[in-house]
Amino acid sequence: MGVDLVRKAQENVRSIQTKLLEAQSIQKEYTDRKVRDMAFQDSEQVLLKVSPMKKVMRFGKKVNLNLCYVSLFKILDSVGSVAYRLALPPNLFGVHSVLHISMLKNYHGDGDYIIKWDSIVLEKDL
């Protein structure tokens with residue numbers, strides 16, 4: 001009876017392991033489809049992604065967290081593999097000029113979706 005109990009437990013463990021591996025492979029496939037390999041060169045122009053405050057009144061409508069891209073900025077240098085130092089104006093982010101790669105987007109030359117940074121009012125405590 002003890003041998004059968006151990007054998008059933010081992011079979012259950014193997015079954016659980018195979019199901020976990022299947023779930024991991026499905027999640028990895030999904031993630032691999034979504035991930036973009038991004039790398040920028042020094043002195044390249046990029047857009048900075050910002051998220052406005054929740055439920056901001058814009059044009060008389062309440063807007064949830066819509067992503068916006070703020071003006072063009074030049075990359076000064078790379079800080080590690082996923083962070084870049086940008087040439088930001090001092091009143092935009094203060095001393096924080098190193099940003100994660102997820103906050104940057106390549107600039108393709110069409111400026112219709114760019115918000116000029118000088119038209120944005122920032123609070124000091126953000």
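Under the side-chain contact (heavy atoms from CB on, under 4.5 Å) criterion, Glu11 pairs with Arg7, Arg14, not counting sequence neighbours. Residues satisfying the side chain to side chain donor-acceptor pair (under 3.5 Å) test with Lys28, not counting sequence neighbours, are Asp32. Applying the side chain to side chain donor-acceptor pair (under 3.5 Å) criterion to Asp77, with sequence neighbours excluded, gives Arg85. Glu22 meets the side-chain contact (heavy atoms from CB on, under 4.5 Å) test with no other residue; sequence neighbours excluded.
With hydrophobic clusters built from ILVMFWY side chains whose heavy atoms lie under 4.5 angstrom apart, Val82 shares a cluster with Leu88.
Interatomic distance, Phe40 CZ to Ile101 CD1, rounded to the nearest 0.5 Å: 5.0 Å. Residue Leu104 holds its CG atom at 6.0 Å from CG of Leu99, rounded to the nearest 0.5 Å. Once rounded to the nearest 0.5 Å, the distance linking CG of Leu21 with CD1 of Ile26 reads 11.0 Å. The distance from atom CG of Asp42 to atom OH of Tyr84, rounded to the nearest 0.5 Å, is 8.5 Å. Here the CG-CE distance, from Leu47 to Met103, works out to 12.5 Å after rounding to the nearest 0.5 Å.
Across all their heavy atoms, Val98 and Ala83 have their closest contact at CG1-CB, 3.9 Å.
Residues Val46 and Leu86 meet the side-chain proximity criterion, which asks for heavy atoms closer than 4.5 Å.
A donor-acceptor pair under 3.5 Å is formed between the side chain of Glu44 and the backbone N or O of Gln41.
Under a 4.5 Å side-chain heavy-atom cut-off, the cluster of Ile, Leu, Val, Met, Phe, Trp and Tyr residues that includes Leu20 is completed by Ile16.
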